[in-house]
Amino acid sequence: MSDSIIQLRGIAKVYRVGVETIHALRGVDLDIGRNEMVAIMGSSGSGKSTLMNMLGCLDRPTSGEYMLGGRLVSAMKTDELALIRNEEIGFVFQSFELLARQSALENVELPLMYSSTAGGFRARRERALSALQRVGLGNRVDHRPNQLSGGQKQRVAIARAILNNPKILMADEPTGNLDSATTAEILALFTRIYREGQTIIIVTHENDVAAHCQRVVRLRDGRILSDLSAEEDFEVSPYVEEARATQRRRAAAEEATEATT
Amino acid sequence: MTNAKAPSRKGAKGEGRGLTIFFFLKAIGMALSQIWANKTRSFLTALGIIVGVASVTAVIAALTGLKAKVLSEFESVGAARLYVFPNRPDNVPRAKFPWEKCRLKVSEAQAIMDQCPSIKGISPIVDLPMSVESDTELIDGMTVNGIWPAWHDAVGRKVMRGRPFSQIDIDTARQVALVNEAAVTELKIDADGNGGLGEHILLGGRRFLVIGVVETTQARMLGMNSSEAEIFIPFSVAEKLLDGWYFMQFAAIATSPETAEEAKAEVEYVMRRQRGLQPDDPDTFRVAALDQYINQFKSLASGVTAIAGGIVGISLLVGGIGIMNIMLVSVSERTREIGLRKAVGATSAAILLQFLLEAVTLTVLGGIAGLVIGKLMAVSLTFIPGANLEQADVPAWAVILSIVFSAGVGVAFGMFPAYKASRLDPIEALRHE
Ligand SMILES: Nc1ncnc2c1ncn2[C@@H]1O[C@H](COP(=O)(O)OP(=O)(O)OP(=O)(O)O)[C@@H](O)[C@H]1O
Ligand SMILES: [Mg+2]
């Protein structure tokens with residue numbers, strides 16, 4: 001337990017929309033240790049993003065406790081949370097969220113704008129440069145987002161997320177907008193960063209993304225359904241079933257097309 | 001290790017997590033790039049402020065020029081001068097203040113001279129039409145003025161040649177005269193080439209010795225005509241030539257332009273006492289001083305400035321509403337960006353400040369553009385012939401005030417959009433389409 005960087009205890013999140021009450025999370029207990037790479041999976045609406053926002057200190061739980069690096073984050077004020085997000089958390093989004101008019105380097109530098117401990121002008125620049133180099137974009141420093149491919153954009157976003165050497169790197173469907181080749185490229189990058197000692201949490205729908213992680217947490221209806229190592233998860237997961245189902249559908253489709261011709 | 005880190009973090013937070021110079025540089029840089037990226041929109045938005053500042057700058061420049069011109073003209077005329085006229089009060093029974101009680105008396109001039117410490121000199125003036133004769137010419141109905149020696153000081157006209165009247169001339173009522181150049185020409189008394197000095201002329205049949213020539217420059221303000229021939233004789237002599245009623249006025253000069261107002265008050269006091277007027281009696285005389293004209297101009301100028309201020313106020317208001325509108329558009333366009341900024345650690349205060357800075361940058365740029373246009377208008381004013389605006393200029397206070405006002409508009413009208421931006425929830429903002 002002393003090894004856990006993240007400790008969730010009885011986390012619940014309730015949304016009220018009009019008269020309706022939505023239980024997005026219903027008592028989640030979760031420990032994540034230093035330098036783990038965890039996939040969070042589950043069907044749509046199961047509460048993945050809600051959990052992610054909670055872990056990323058963008059949101060506070062309705063009830064329950066969240067300890068990040070030994071500090072009780074769930075009781076913190078908005079501005080304290082902003083500081084935590086600035087210094088201890090890196091976010092990667094599905095749609096990259098780069099500023100269109102800023103160069104790759106300026107985009108990576110963005111979190112430093114809100115930091116008072118990032119040193120002088122040169123230190124800031126060098127930090128952003130080295131982050132870009134870590135994601136292999138040392139040669140795209142001055143490119144604008146519209147001059148970069150999707151994979152390159154996501155790498156800029158990853159550089160921005162790891163800039164402050166965060167305690168956790170979070171990614172909500174980071175490959176959702178990418179093709180399979182680029183997905184592999186980005187996953188390789190995540191794996192490399194993980195090997196360098198980074199704790200990573202990835203929300204995903206894709207089994208091959210989850211397969212790159214050590215650990216897979218499955219949610220259903222706001223609760224943890226399973227929390228297994230990637231190998232164990234593969235055995236019990238509906239993955240094999242799904243693969244077979246896909247095959248069957250394809251075969252049926254082929255037959256149908258043959259029948260028409 | 002975690003525990004060791006906690007206190008130092010607290011310390012950093014205790015310092016209020018101050019926004020650094022980097023934040024401000026970045027924020028202003030981003031504001032500029034935002035403005036540049038939406039050039040047309042920004043320009044149209046700032047137009048209200050540009051026009052407002054430009055027009056008020058030009059008006060202020062014109063007024064400054066006009067004021068400088070008018071003041072320098074007053075200065076050359078002499079701001080220390082006072083005139084006293086008889087004045088019959090309007091709204092009292094005529095019987096109470098007949099003309100005899102209103103007209104000025106020599107004793108009153110003497111009293112003013114003796115009792116008003118701020119008066120340096122005074123002279124009664126009478127003008128009487130007389131027939132004037134030289135060796136060769138005869139002119140009927142020429143104006144002859146009776147004066148004291150202090151008249152030269154009081155109206156600012158020196159003796160160019162010869163000498164002024166002395167006290168002895170006055171006391172003994174010597175028949176001596178001063179003339180102006182026009183009189184010399186008209187009477188043709190420059191035959192021997194010494195400009196009329198030492199010639200004799202006949203005034204109403206009496207022989208007068210011309211002892212000096214008075215310069216022609218005059219107080220244009222008071223409607224005297226400088227082109228006419230003028231003759232001056234000692235007041236005591238003029239008094240003898242007159243019988244009964246005559247119109248008299250006083251010309252006086254204060255010790256300096258600064259004491260002119262005081263001098264006026266003293267004259268009024270002494271005059272009322274001389275005439276034994278009761279506290280609720282109206283003045284039976286009128287004291288005119290140039291400071292009145294200057295004050296009138298100054299109040300006119302400040303009236304125009306106030307109107308210009310009103311115009312600029314309205315255009316800044318209109319401009320400000322435009323700014324607010326465009327900033328609201330900007331906030332809604334950039335909702336995702338705001339969400340991202342919050343996700344990477346921007347506090348609400350930082351977002352607020354950032355959008356305020358953007359609004360202020362826009363308005364201050366508009367203000368500067370307006371100042372430049374206003375300055376160009378001021379320069380072109382100086383080239384308008386006959387407009388008397390050669391000295392039109394934009395004073396430093398107007399420059400500073402324009403910038404401060406523009407920035408103020410940015411803060412005032414940028415506040416609501418900036419506040420809106422700062423209140424956005426990062427999760428919702430990032431979900432925004
Ligand atoms: N702001 C909100 N207001 C009301 N209900 C919400 C809000 N955010 C999420 N929910 C609800 O909470 C539940 C969990 O949502 P969440 O976004 O966490 O799902 P998810 O697992 O990320 O789904 P997906 O895979 O589609 O992204 C859903 O039923 C959703 O409708
Ligand atoms: Mg989601």
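Every heavy atom of this structure was used, including side-chain atoms; hydrogens, water molecules and symmetry mates were not. This is a predicted model, so every value here is computed, not measured. In what follows, every chain begins at residue 1, and chains take the letters A, B, ... in the order their sequences are listed.
Under a cut-off of 6.0 angstrom, the local environment of CD in A:E20 is sparse, with at most 12 non-hydrogen atoms contributed by other residues, nucleotides or ligands. Taking a 6.0 Å sphere around CZ of B:R423, one finds it holds 12 or fewer heavy atoms contributed by other residues, nucleotides or ligands. No more than 12 heavy atoms of other residues, nucleotides or ligands lie within 6.0 Å of CD in A:E65, so this atom counts as exposed by the packing criterion. Other residues, nucleotides and ligands contribute at most 12 non-hydrogen atoms within 6.0 Å of the NZ atom of A:K77. Heavy-atom contacts from other residues, nucleotides or ligands closer than 6.0 Å to OH of B:Y419 number 12 or fewer.
The shortest heavy-atom contact between A:Y114 and B:Q354 is OH-OE1, 2.7 Å. For the residue pair A:S95 and B:R336, the shortest heavy atom distance occurs at OG-NH2, 2.9 Å. Nearest approach of A:A82 to B:A346, heavy atoms of both residues: CB-O, 4.0 Å. Of all the heavy atoms in B:S33 and A:Q102, the pair that sits closest is OG-NE2, 4.4 Å. Residues A:D79 and B:S348 approach most closely at OD1-N, 4.2 Å, considering heavy atoms. When all heavy atoms of A:N86 and B:G345 are compared, the pair lying nearest together is CB-CA, 3.7 Å.
Note on B:I21, B:L25, B:I427: by heavy-atom pairs under 4.5 Å with chain A, the leading option is B:I427.
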If you apply the rule side-chain contact (heavy atoms from CB on, under 4.5 Å), what do you find for A:R101 with B:Q34, and how did you get there?
CA-CA 9 Å; A:R101 271 189 284 281; B:Q34 194 70 26; 3.1 Å; yes
Test side-chain contact (heavy atoms from CB on, under 4.5 Å) on B:R341 and A:L99 and set out the steps.
CA-CA 10 Å; B:R341 287 176 183 279; A:L99 301 183; 3.4 Å; yes
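Separating the CZ atom in B:F22 from the OG atom in A:S115 is a distance of 10.0 Å, to the nearest 0.5 Å. Here the CG atom belonging to A:L110 is positioned 8.0 Å from the CD atom belonging to B:E337, to the nearest 0.5 angstrom.
In this structure, B:T20 and A:R124 have side chains that are in contact, with non-hydrogen atoms separated by less than 4.5 Å. Contact check for B:K342 versus A:T78: no side-chain heavy atoms found under the 4.5 Å cut-off. The shortest distance between side-chain heavy atoms of B:L340 and A:F93 falls below 4.5 Å.
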When the side chains of residues 358-368 of chain B are checked against the rest of the protein, which donor-acceptor pairs come out under 3.5 Å, sequence neighbours left out?
residue, atom, partner, partner atom, Å
B:E358, OE1, B:R334, NH1, 3.2
B:E358, OE1, B:R334, NH2, 3.3
B:E358, OE2, B:R334, NH1, 2.9
B:T361, OG1, B:L357, O, 2.5
B:T363, OG1, B:A359, O, 3.2
B:T363, OG1, B:V360, O, 3.0
B:T363, OG1, B:S406, O, 2.9

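Contact annotation for B:A349: neither backbone nor side-chain heavy atoms come within less than 4.5 Å of a heavy atom of chain A.
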